[in-house]
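This report concerns only the one structure given below.
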Amino acid sequence: MKILVLNCGSSSIKYQLFDMIADEKVLAKGLLERIGQTIGVVNHTSIGKDKIKYDTPIIDHTAGIEIIIKLLLDKEVGVIDSLSEIKAAGHRVAHGGEHFKNSVLINNDTINEINNCIQLAPLHNPANLKGILAVEKLIPGLPQVAVFDTSFHQSMPDYAYIYGIPYEYYENLKIRRYGFHGTSHKFVAEKSAKLIGKNIEDIKIISCHLGNGASITAIDRGISIDNSMGFTPVEGLIMGTRSGDLDVGALLYIMDKENLDTKQANDLVNKKSGVCGISGISPDMRDLENAANEGNSRAKLALDVYAYRVKKYIGSYIAAMNGLDLLIFTGGIGENSMYMREKITSNMEYFGIKIDQEINNNTKGKDAIISTNDSNVYTVVATTNEELVIARDTMRIISA
Ligand code: ADP
């Protein structure tokens, strides 16, 4: 059964075509960028064939998905003979609000509800919806499934998601913590529990998804009870260009002093902050690690601040769950940066967290247990695969 997974951003579309029967094999994947600009970029790879990259105008998401379909059907670079081979499309949808507690089959009602969530994620949900409507137009009748970044965290208790502001803002505007990266946290939690030979329902897990965006989740016996991202994905950890936790008073003060409007303030905390803002060098950990090694003190400071914030969240989630059995690192940084994993987990023996330095140094982009044999807490590196989760959910839902 072939399933097309789509992750539509405001100016990009990431896609993968899975064959779920043949060992969940990826048949083709790609990325379209600069949608809506004068010249767009198409990157496509079909299994066993050369990568393709070319420039072409991509006026909107429908035009983008049309290009993807043509590439998949292409006699030379394609991987299918007919569109009827694709049995369903699965979409990543950023925000499901309080309505979506699970992935769902898309119909008129779900489209209306995703529309209602646009006010909660004005940067992401409109693009996700455009992708859904484009597929509906181009492949009429194809079953489509929406998989939400927020739904795994809908199990959070109210005391974890209510902010300390007048309650009517929750009632009227739905201002609360939602949490994000749910698909990734759920995926790595399940596979890491298996890796250490435990049942997820018996253990307490902290999952650190450290990528360009970063969040950390407390998972108590399989249930997400807290996530560091909040009403929007800007709260919590320091990220590449996002500030993470910030005194709202400081932001108001800067807005006042610098005469910033809300759009400029939004850009400040989302695009100009994080390790990029602190270091003044780059949002990329590799650049910062190199610069710090060469003696750049602001790069070193950015790394110190980053690691300290993750460490603080780990401590607070151990308190929230009254214990910890399994600590997981995933995302581009979590999977690849032995330096950052070491920095975060150093001096945590009090909590029973001990890392085997040699194993840690040899673990890059692969699943592994990196804790010592006498560590009370298993620490693991687990590669994430959000597209695969979307494909699996899509298959489960259309098969039901
Ligand atoms: P996204 O959130 O966009 O999916 P990723 O999870 O792919 O991002 O993470 C991207 C980040 O991973 C990069 O910005 C970089 O900081 C980090 N990264 C990737 N490889 C390495 C590495 N070898 N060492 C340190 N950091 C790395």
Side-chain angles (χ1 to χ4, degrees), residues 5-16 29-33 43 92-94 121 123-124 127-128 147 149-150 179-188 207-217 227-229 232-244 270-294 296 299-300 302-307 309-310 328-345 360-368 370 381-390:
V5 172
L6 292 161
N7 181 352
C8 297
S10 54
S11 66
S12 70
I13 305 176
K14 274 191 210 153
Y15 61 95
Q16 288 195 24
K29 63 178 175 179
L31 169 67
L32 272 55
E33 292 173 291
N43 289 277
R92 179 180 189 182
V93 180
L123 297 178
H124 299 97
N128 305 150
V147 179
D149 271 20
T150 48
F180 293 85
H181 287 137
T183 321
S184 172
H185 287 296
K186 182 167 183 268
F187 179 73
V188 295
S207 158
C208 307
H209 178 113
L210 311 177
N212 280 321
S215 76
I216 172 162
T217 301
N227 174 268
S228 57
M229 284 179 164
T232 73
V234 79
E235 197 185 345
L237 303 178
I238 308 260
M239 301 174 225
T241 60
R242 288 178 231 164
S243 64
N270 275 292
K271 297 183 180 159
K272 297 182 181 164
S273 297
V275 287
C276 188
I278 297 170
S279 66
I281 296 176
S282 162
D284 194 300
M285 274 303 157
R286 288 163 289 201
D287 298 339
L288 296 177
E289 287 178 20
N290 289 338
N293 280 337
E294 285 162 13
N296 185 302
K300 180 172 179 309
L303 297 173
D304 289 348
V305 176
Y306 185 97
R309 180 71 58 86
V310 180
I328 304 168
F329 287 100
T330 191
I333 298 163
E335 291 168 29
N336 295 300
S337 176
M338 39 283 254
Y339 170 83
M340 194 44 79
R341 292 191 302 251
E342 206 245 298
K343 209 167 163 55
I344 292 166
T345 53
N360 182 43
N361 288 340
N362 287 315
T363 302
K364 198 171 176 187
K366 62 176 185 193
D367 297 348
I370 59 167
V381 173
T383 54
T384 193
N385 190 340
E386 287 158 299
E387 288 76 16
L388 179 58
V389 181
I390 296 172

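All values derive from a computational prediction rather than experimental measurement. One-based numbering, in listed order, for ligands and for the atoms of each. Side chains included, hydrogens not; waters and symmetry mates left out as well; all remaining heavy atoms used.
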Distance to 0.1 Å, residue and atom name: give those for the protein heavy atom nearest to [atom].
| atom | answer |
| --- | --- |
| atom 17 (C) of ligand 1 | Ile333 CG1, 3.4 Å |
| atom 15 (C) of ligand 1 | Asp284 OD1, 3.4 Å |
| atom 18 (N) of ligand 1 | Gly332 O, 3.6 Å |
| atom 14 (O) of ligand 1 | Asn212 OD1, 2.9 Å |
| atom 24 (N) of ligand 1 | Arg286 CG, 3.5 Å |

request  = Could you tell me if any non-hydrogen atom of Lys364 lies under 4.0 Å from any atom of ligand 1?
outcome  = yes
task = Could you establish whether Gly213 and ligand 1 come within less than 4.0 Å of each other, counting only heavy atoms on the residue side?
result = yes
query = Can you find an N or O of Gly211 that's nearer than 3.5 Å to an N or O of ligand 1?
reply = no
ask   = Does any N/O atom on Met285 come nearer than 3.5 Å to any N/O atom on ligand 1?
value = yes
query = Judged by atom type as modelled, is there a donor-acceptor pair below 3.5 Å linking the side chain of Asn128 to the main-chain atoms of Ala94?
reply = yes
query = Got a donor-acceptor contact below 3.5 angstrom from the Asn360 side chain to the Met338 backbone?
reply = yes
message = Within the 4.5 Å heavy-atom criterion, are Val275 and Leu303 side-chain neighbours or not?
response = no
message = Could you tell me if the side chain of Tyr15 sits less than 4.5 Å from the side chain of Asn7, heavy atoms only?
response = no
message = Tell me whether the count of non-hydrogen atoms from other residues, nucleotides or ligands lying under 6.0 Å of NZ in Lys14 goes above 12.
response = no
query = Between Lys366 and Thr363, is a side-chain contact (heavy atoms from CB on, under 4.5 Å) present by the stated rule, with each step listed?
reply = CA-CA 6 Å; Lys366 62 176 185 193; Thr363 302; 4.3 Å; yes
query = Just which atoms of ligand 1 are under 4.0 Å from any heavy atom in Ser337?
reply = 25 (C)
query = Does atom 4 (O) of ligand 1 have any protein heavy atom closer than 4.0 Å?
reply = no
Residue pair Met285, Tyr306: steps toward the side-chain contact (heavy atoms from CB on, under 4.5 Å) verdict = CA-CA 10 Å; Met285 274 303 157; Tyr306 185 97; 3.5 Å; yes
inquiry  = Checking contacts here: is it the side chain or the backbone of Met340 that comes within 4.0 Å of ligand 1, counting heavy atoms only? Could be both or neither.
reply    = neither
request  = Could you label the plane-to-plane angle of the His181 and His209 rings as parallel, tilted or perpendicular, counting under 30° as parallel and over 60° as perpendicular?
outcome  = parallel
